[in-house]
Amino acid sequence: MAANGAGDAAGDDDPIAPFLSAFLRTLETPLAELGISWSPDAIEALVEVAAGPERDFAFPVHRAAAQLRRRPDEVAREIAGRVTRPPELAAVVAQGAYVNATAESESLTRRTLDLALGRGTRYGHSAIAQTPTCIEHTSANATGPFHVGRVRNAVIGDTLARIDRATGLPVTTQYYMDDMGRQAALITWIWTKPRGQWPPSVRSAVEGHEVPGEKPDAVRGRAYPPSSAFLKESAEAQAEVGALVQAIESGHPPPEHRALVQEILGGMLASLARLGITFDEFVWESDLLRDGSVDRVLERLRAASHAVQEENGAWAIDTSSYGLPKESSRVIFQRGNGTSLYVTRDVAYHLEKFARFPTVIDVLGQDHQLHARTLDALLAEIGEPRRPTYLIYQDITVPEGGRMSTRGGSAVWLDGLLAEAVERARGEVLKRREDLADADVDRIAEAVATGAVRFHIVRVAVEKPVVFRWDDALSFEGRSGPFVQYSYARASSVLRKSGTPDGPFPYEAARLADPEERALIRVLARLPRSVAHAARNRHPHVVAGYAHELADQFNRFYHAVPVLRSGDERASRLALVAAIRQGLGNALDLLGVPRLETM
RNA sequence: GGGCGCGUAGCUUAGCUUGGACAGAGCAUCGGGUUCCUAACCCGAGGGUCGGGGGUUCAAAUCCCCCCGCGCCCGCCA
């Protein structure tokens, strides 16, 4: 069980590939002799890779035995007995109902170290995919500081982009900027209004709280919650904001509008940049309106077969045939006043994406699940055959239950989380390093803090909810980012002290025969398959799990086997450490967790 | 009410796509390890009705059905 399936090959970039194919070829003849003529693909589908220690490949014979109406263990023994062992395999043996094989260690060592050292930062990468891909993620409204509840979207999206690129995909990341609608209008409404006319609640939330050097998202964002609350009570404010929404949608926003949105967005992006998250492109919703693409979508939807007009002039799609879980079986796509809705504009956005990218991935919180299905239905209505691939993740929740939100006092801002993380990381650094300059302490603390946060978020499968707890989010040991960073720093340290940190790294495979060394090489050899697997299934957490496993095995090796103090093995072990350092570093890069040469 | 997701040791989780060998980890707990390459580490121990019940199968955490619990969504908001 467990282990990887055989279907995650990463081609020439995969150290394991030749050994796996040798095993598959080896099985073919004995199976045929027993009267089972399975294609190599059929055999491969059953084979497990890395099935256990000293068990690189496992072939369960149950199915073959059933076909022959014979006992599995007997069949396994017979297959193993008929095998002609190829040079790539050290052993092919029957164990219970399995035929297991071990790769020949020296050639596996050579192939793994040569690839890891030869490909350098590209080890783990492959060229198994090439479809131009658009990954849209984050796309948070610019109403204030970046919220921790939303950071999972950004981390998942950015990590997936990195992993996809590592398999050869040309990836473009997009941030969809919603500068229309009430939320964006509310910001402009309050900040273009003279302060003397502000509601008292907004004044008291903003005034007296300014901190010198504060980020614009924090400053502007403080006005948002009380403004939003005020809006619910004041009919006059509702009318003003409504007029503003209309003005924005009709293409005549106040001149300050875009600048305000951009200013807040800039602050949010600065926070994301600390996590290594950046975007290739920003798509502004208002641009889709301005260039007429929304109008064209409205036109096509009105002409759609299930389009119906409501009494007040609004237009809807009758979605009863799409089985959407809505109480009313219709989706309004155009208001009574003729303006469009979010989902309508999203149709226009996706048509634009489809025109440029064969693969379109949307990273969405589970609260957007219905939106995604609605979008699919509307795309179908206008005869668009393509659909985005949705990567839907569960929300980050608070321990008391419920989603993290600005309501109910459960708000945690990313900047606050990072500030706390940096503070704790600094304490850890100072605890063990007294020799560092202040600037180095700062740099390491920042890297440890952001690494811990990113790793903590990405390590859990997207479909699992994440409960936010400070101590978990900021854990620096065990299955954490700093654990991997520490292992990388350790490897770097050994190399630094070797006198030849940059190589070359001549080695003799025969000298890397310790069980811990063999186990370590086998983990390193799995990096390309692990990345390929993560990309294929869009499971970024797999890479986090792999990184921990590699670091874990490296630490075991480190304790069990001396490197610098060893004799004849010294050069070979240095090569191994250099290869591991490369593997750990590349895994960290894929996770967006900073490398640290020392910590 | 309907849809989607989740339920695995005290806590956090991997494994579920493609059923297979004793369900792997981390934290916490308990017991060890540093004159030696970074102890943010390592070694060992205890701890599991894989939510419950049926079914399919030689074989079920994994597939199917029913039920229970939790979360989210079901707006002429985004």
Side-chain angles (χ1 to χ4, degrees), chain A residues 1-3 5-7 45-46 48 51-52 55 58 60-63 65-66 71-72 95-98 100 141 178 180-184 285 310 312-316 323-328 332-337 339 341-343 345-346 365-374 392-395 397 401-403 425 428-429 431-433 448 456 459-461 463-467 469 471-472 475-480 482-483 485-487 489-498 536-537 539 541-542 545 548-549 552 555-556 558-566 573 577 598-599:
Chain A
M1 60 191 322
L46 291 173
E48 288 175 30
R55 193 192 286 162
V61 303
H62 306 85
R63 203 159 302 174
R71 289 169 45 121
Q95 285 176 311
Y98 297 80
N100 295 328
N141 287 337
D178 172 22
M180 303 180 58
R182 199 167 58 214
Q183 297 192 34
E285 194 172 30
E310 309 283 314
N312 68 350
W315 282 84
L324 294 181
K326 293 171 82 77
E327 280 164 6
S328 65
I332 305 284
F333 63 87
Q334 182 176 337
R335 293 194 185 93
N337 66 12
T339 59
L341 285 98
Y342 168 64
V343 68
R345 289 173 237 135
D346 215 16
Q366 72 155 340
D367 55 336
H368 280 61
Q369 220 273 358
L370 179 58
H371 170 74
R373 292 185 57 184
T374 306
I392 293 182
Y393 65 91
Q394 299 292 304
D395 298 299
T397 61
R403 204 153 38 124
E428 295 296 318
V429 176
K431 208 156 55 180
R432 48 204 112 205
R433 297 289 299 270
V448 167
H456 178 256
R459 64 197 261 255
V460 180
E463 65 270 16
K464 301 257 189 182
V466 167
V467 179
R469 293 187 188 86
D471 286 342
D472 291 347
S475 164
F476 297 156
E477 36 181 51
R479 230 181 105 86
S480 72
F483 176 88
Q485 289 173 308
Y486 178 71
S487 309
R490 254 187 169 174
S492 299
S493 175
V494 171
L495 293 171
R496 217 166 27 242
K497 293 185 176 172
S498 73
R536 187 165 292 135
N537 299 297
H539 282 168
H541 74 277
V542 165
H548 174 257
E549 198 182 344
D552 195 37
N555 283 313
R556 275 200 282 272
Y558 182 88
H559 278 272
V561 180
V563 178
L564 295 178
R565 290 174 284 112
S566 58
R573 287 181 180 162
V577 171
T598 175
M599 64 186 279

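Proteins come first, then strands; the chains are lettered A, B, ... in the order of their sequence lines, and each starts at number 1.
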Check every strand shown and say whether [X] touches a base, only sugar-phosphate, or nothing at a heavy-atom separation below 4.0 Å.
X        : value
A:Gly545 : nothing
A:Asp471 : nothing
A:Ala65  : nothing
A:Arg55  : base
A:Val61  : nothing
A:Gln95  : base
A:Arg63  : base
A:Asn141 : sugar-phosphate
A:Arg479 : sugar-phosphate

Open item on the list: Need to verify one output field. Residue with the more 5' nearest nucleotide on RNA chain B, A:Gly96 or A:Leu341?
Closed with: A:Gly96

Open item on the list: Pick the closest RNA chain B nucleotide for A:Asp472 and for A:Glu285 by heavy atoms, then say which residue is nearer the 5' end.
Closed with: A:Asp472

Open item on the list: Whole angstroms only, please: what is the CZ-P distance between A:Arg182 and B:G75?
Closed with: 15 Å

Open item on the list: Rounded to whole Å, how long is the line connecting atom NE2 of A:His539 with atom P of B:A14?
Closed with: 10 Å

Among residues at least two apart in sequence or on other chains, which ones pass salt bridge (Lys or Arg N to Asp or Glu O under 4.0 Å) with [X]?
X        : result
A:Arg469 : A:Asp472
A:Arg335 : none
A:Arg573 : A:Glu517
A:Glu549 : A:Arg526

- [ ] Choose from B:C72, B:C76, B:A21 the nucleotide whose nearest atom is closest to any side-chain atom of A:Ala314.
- [x] B:C76

- [ ] Can you figure out which of B:C37, B:U12, B:A14 approaches the side chain of A:Arg459 most closely?
- [x] B:U12

Task: Nucleic acid footprint by protein, nucleotides 1-7 of chain B - heavy-atom cut-off 4.0 Å, B for base, S for sugar-phosphate alone - done: BBSSSSS

Open item on the list: Strictly under 4.0 angstrom, non-hydrogen atoms only: write out the protein contact profile of nucleotides 38-45 of chain B, one letter per nucleotide from the 5' end, B, S or -.
Closed with: BSBBSS--

Open item on the list: Please give me the minimum heavy-atom distance between A:Gly478 and A:Phe483, naming the atom from each residue.
Closed with: O-CB, 3.0 Å

Task: Distance-only donor-acceptor test, A:Asn337 side-chain atoms vs B:C76 base atoms, 3.5 Å - done: no

Complementary nucleotide for [N] - Watson-Crick or wobble, under 3.5 Å:
N     : value
B:G69 : B:C6
B:U57 : none
B:U38 : none
B:C16 : none
B:G1  : B:C74

Using the test side chain to side chain contact (heavy atoms under 4.5 Å, CB included), find all partners of [X] that sit at least two apart in sequence or belong to another chain.
X        : value
A:Ala461 : A:Glu463, A:Lys464, A:His541
A:Asn312 : A:Glu310, A:Ala314
A:His371 : A:Tyr342, A:Val343, A:Asp346, A:His368

Do the side chains of [Y] and [X] get nearer than 4.5 Å, heavy atoms only?
X        : Y        : result
A:Val448 : A:Glu428 : no
A:Ser566 : A:Val561 : no
A:His548 : A:Arg459 : no

Open item on the list: Looking at B:U12, I'd like to know if its phosphate oxygens (OP1 or OP2) sit under 4.0 Å from a side-chain N or O belonging to A:His548.
Closed with: no

